[in-house]
Amino acid sequence: MGRGKLRIYLGAAPGVGKTYAMLSEAHRRVERGTDCVVGFVEHHGRSRTEVMLHGLEQVPRRELEYRGGVFTEMDVDAVLHRAPAVALVDELAHTNVPGSRNAKRWQDVEELLAAGIDVVSTVNIQHLESLGDVVESITGIRQRETVPDEVVRRADQIELVDMSPQALRRRMAHGNIYQPDKIDAALSNYFRPGNLTALRELALLWVADRVDEYLNEYRSQHQVSTIWGSRERIVVGLTGGPEGRTLIRRAARLAEKGAGGEVMAVYIARSDGLTSASPKELAVQRTLVEDLGGTFHHVVGDDIPAALLDFARGVNATQIVLGSSRRKAWQYVFGPGVGATVARESGPDLDVHIVTHEEVAKGRGLPVARGARLGRTRILAGWLVGVLGPVVLALLLNTVDLGLANDMLLFLALTVAAALLGGLLPALASAAFGSLLLNYYYTPPLHRLTIADPRNIVAIAIFVAVAVSVASVVDLAARRTHQAARLRAESEILSFLAGSVLRGETSLEALLERVRETFGMESAALLERESDVAPWTCAGSVGPGAPVGRPEDADVDVPAGDHMALALSGRVLPASDRRVLAAFAAQAAVVLDRQRLQKEAEQARTLAEGNRIRTALLAAVSHDLRTPLAGIKASVTSLRSDDVEWSDEDRAELLAAIEEGADRLDHLVGNLLDMSRLQTGTVTPLIREIDVDEVVPMALGGVPEDSVELDVPETLPMVAVDAGLLERTVANLVENAVKYSPLGSSVLVAASALADRVEVRVVDRGPGVPDEAKERIFEPFQRYGDAPRGAGVGLGLAVARGFAEAMGGTLNAEDTPGGGLTMVLTLRAVNGAHHPVRVAEPERQTT
């Protein structure tokens, strides 16, 4: 019996309809007479999914006891004994209860497939093993249940079950996925629009890559060499010249016009290393094409047009973009050029675009040949073999007569040995000296530098020609090897520099350490001075004994600007290394300037913020504090007046007004003092490990009873915070939420663990805040909308965010599903401990 076939329904998130689609497929197969059974399907209380199970045979599950509870899993033995044609197995990544036949459900499925049973299963994109880190960075949740990618890739069919984030959230809000008491938590945590959009993109891209694999496999099996234009794939041929940037941008514009367009830049290098390409320019072009969403490829090939076409056909490209030739008119006598050759041989399935640019017909030079780099010992050995070798060989040949032909072959072998060891010059010396010895000792007339037989002249001439040719080839190979190694090293270094610029790295010490390691120096320092006559100062250094006095005191110094220099000590570098060292020096100067600009910008921002706060503080004191003071004064004046006889009720009302005004003054002054402490940096949190459920209830003392609903589980991890600051933060958030909540609506204060943090959410059902105002409400002295002047000076949320950031946390505003505003306070969990987020119904208490 052959192996069964696996069909997988892949989704971006729970609730998109994978199980429903799987059950629909089962009903279609049963109607066609296929023997189909349900091995394991979990409907999770969803009525529509549960209805789809009706009419399908279900194999009884196996019950297992674990930690005092009874759980059910798929009975693999029962399914194997039943031996259906097709088995439905839901949740491929599920972890079985300990004591089961296999640890993972996908292992159960492997047994069914090995037994010849076809399996239809489901899995979410976040459960693929290779995407664990990506999913955690998106959702903040580390998936514990995963399935190896290879298991899914081996599936015979993969069908994507897709749904837009908006539609999925509507399904959630209508109660089609989770129970009503779990909807708010799910919509606020895992089922956020951003999370769902990112997961959907992951699923679409993963399936698209799988489709490409299927297509490439089919083309390979059927030996399809023609281009199948399933989507626009544009190949850009680069030469390493400056016109490459123009070609890449033009290709990107072409790709944007077609659905799913893709740009692939390729640089084809000659296998002998002969190239005029600039490694620095290639690094820039690589960065450009990657920024535009394309890929960069490096291919080796002597026949550039053929290599380019082979690459294009291999990736199933539809278009090729090339630049107009930089050759001058007279250079076309050597051939039509790469562009014309590619256009002629591309055939009807590849479109070739020849793009004009500024470098057209300006010519292109070849690199200047450098001397061989064979090492002193090797060159010395070559000279010894080339000069002393012929003498020793002549002495040996004088003792035996081998004939002129054999003598010449021996001298030729000696010349080849000199070429292999020392390169061109020792080989030429060996050839010249050997030809003289052959003429003097072995060519008639003997012991004279003349040749009687013309045939011997031809033989000696061939000997000299072969010796010189071999020596030239060896010398050229040595030069090319050295050039290739050096260019490769330089390109790697320059690529690192380009990457550091794009990543915005600002550590001067890290860059100097890289310089020191790259060139094998003992220390490195960046020196600067204010003017040409000012003394040098050290801006940064690494390594022992760094040259911090003058650049002239170092073994190597390179200018890094008008008044900057990069100084290194340890050894003297050759002149050929100064080009790359100059690039490091320029980057070091840029990093130093960036650090100083960032510091100045931060200082300017702090000063501006302080001035703005002081101005607003004066405005608040002159306006908002005057109202309660005026009310208190009026009430006191009324009570002290002898002209009016106040009743007990009137007297109590005036005293209540005085108390209310005093409370408002106390609250306003407290917030003003807190904001002043935050702005002056005098807030010093006392961080310790506490439980959130111990602090949050204490912050609800200032709000009316029955106005807040508390949902803080006791199982949350401990957080590292200042208990007093946390209490003040939550109190300000709750007071603000209660103030804007409609009558009869309570505020929900909920906490949950999420990755290495704990989130406290304060949820109200008030009018909400538009997206453009969500950050503005955290600024001091800001009140949203038509809040009355008596509602406060607008410091509560600003103080709350300041306290949260002082404790190393964050405070942000989000929309409440169904209307309202949710304040999300994020705190650091102790030692990164966390519990997996599960949508469960914790105990709730009302305050």
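Sequential numbering from 1 along the given sequence is applied to the chain's residues.
- Contact between Pro535 and Arg529 at its shortest, heavy atoms only, is O-CB, 3.3 Å.
- Taking CG of Leu827 as the start and CE of Met807 as the end, the distance is 6.0 Å to the nearest 0.5 Å.
- A distance of 8.0 Å separates CG in Leu811 from OG1 in Thr729, rounded to the nearest 0.5 Å.
- For Glu530, the CD atom is loosely surrounded, since the number of other residues' heavy atoms within 6.0 Å does not exceed 12.
- Between Leu292 and Val263 the shortest side-chain heavy-atom distance does not fall below 4.5 Å.
- Contact of the Leu238 side chain with the Phe296 side chain is registered, since non-hydrogen atoms from C-beta on lie closer than 4.5 Å.
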Pair Leu131-Ile125, side-chain contact (heavy atoms from CB on, under 4.5 Å): steps then yes or no = CA-CA 8 Å; Leu131 299 178; Ile125 191 66; 3.7 Å; yes
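- Side-chain contact of Ser569 with Ser523: a donor-acceptor pair under 3.5 Å is present, judged by distance alone.
- Contact check for Asp555 versus Leu568: no side-chain heavy atoms found under the 4.5 Å cut-off.
- Heavy atoms only, all atoms of each residue included: Pro193 and Pro165 are closest at O-CB, 4.3 Å.
- Residues Ala800 and Leu733 approach most closely at CB-CD2, 4.1 Å, considering heavy atoms.
- Scanning all heavy atoms of the two residues, the minimum distance from Gln126 to Ala12 falls at OE1-O, 3.2 Å.
- Note that OG1 of Thr822 and CG of Asn812 are 12.0 Å apart. Values are rounded to the nearest 0.5 Å.
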Before giving the answer on side-chain contact (heavy atoms from CB on, under 4.5 Å), spell out for Asp815 and Val769 the whole-Å C-alpha distance, their side-chain angles and the decisive distance to 0.1 Å.
-> CA-CA 8 Å; Asp815 291 329; Val769 176; 6.0 Å; no
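- Closest heavy-atom contact between Val235 and Leu308: CG1-CD1, 4.0 Å.
- Annotation: side chain of Val236 is not in contact with side chain of Val266 (no heavy-atom distance under 4.5 Å).
- Using a 4.5 Å heavy-atom threshold, the side chains of Leu566 and Asp557 count as separate.
- For the pair Leu526/Cys538, no side-chain contact is recorded, criterion being any heavy-atom separation below 4.5 Å from C-beta on.
- Of all heavy-atom pairs spanning Ala720 and Val830, the tightest one is N-CG2, 3.9 Å.
- Rounding to the nearest 0.5 Å places CE of Met264 at 3.5 Å from NE2 of His297.
- Ion pairing between a basic and an acidic side chain is recognised when a charged N comes within 4.0 Å of a carboxylate O; Arg249 and Glu243 show no such pairing.
- Within the 4.5 Å cutoff, the side chain of Leu592 has heavy atoms near those of the Glu528 side chain.
- Tyr267 contributes atom OH, which lies 10.0 Å from atom CD of Gln285 (distance to the nearest 0.5 angstrom).
- Residues forming a side chain to side chain donor-acceptor pair (under 3.5 Å) with Gln319 (at least two apart in sequence, or on another chain): Glu232, His353.
- The existence of a salt bridge linking Asp771 and Lys774 is confirmed by a sub-4.0 Å separation between a basic side-chain nitrogen and an acidic carboxylate oxygen.
- Under the 6.0 Å distance and 45° angle rule, Arg801 counts as a cation-pi partner of Phe778.
- The CD1 atom of Ile234 sits 10.0 Å away from atom CZ of Arg250, with the distance rounded to the nearest 0.5 Å.
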Evaluate side-chain contact (heavy atoms from CB on, under 4.5 Å) for Glu290 paired with Thr295, printing each intermediate quantity in order.
-> CA-CA 6 Å; Glu290 290 175 352; Thr295 56; over 6 Å; no
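- Side chains of Thr146 and Leu128 form no contact here, defined as non-hydrogen atoms less than 4.5 Å apart.
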Please lay out, stage by stage, how Glu689 and Met718 fare under the test side-chain contact (heavy atoms from CB on, under 4.5 Å).
-> CA-CA 6 Å; Glu689 300 177 3; Met718 301 181 74; 3.8 Å; yes
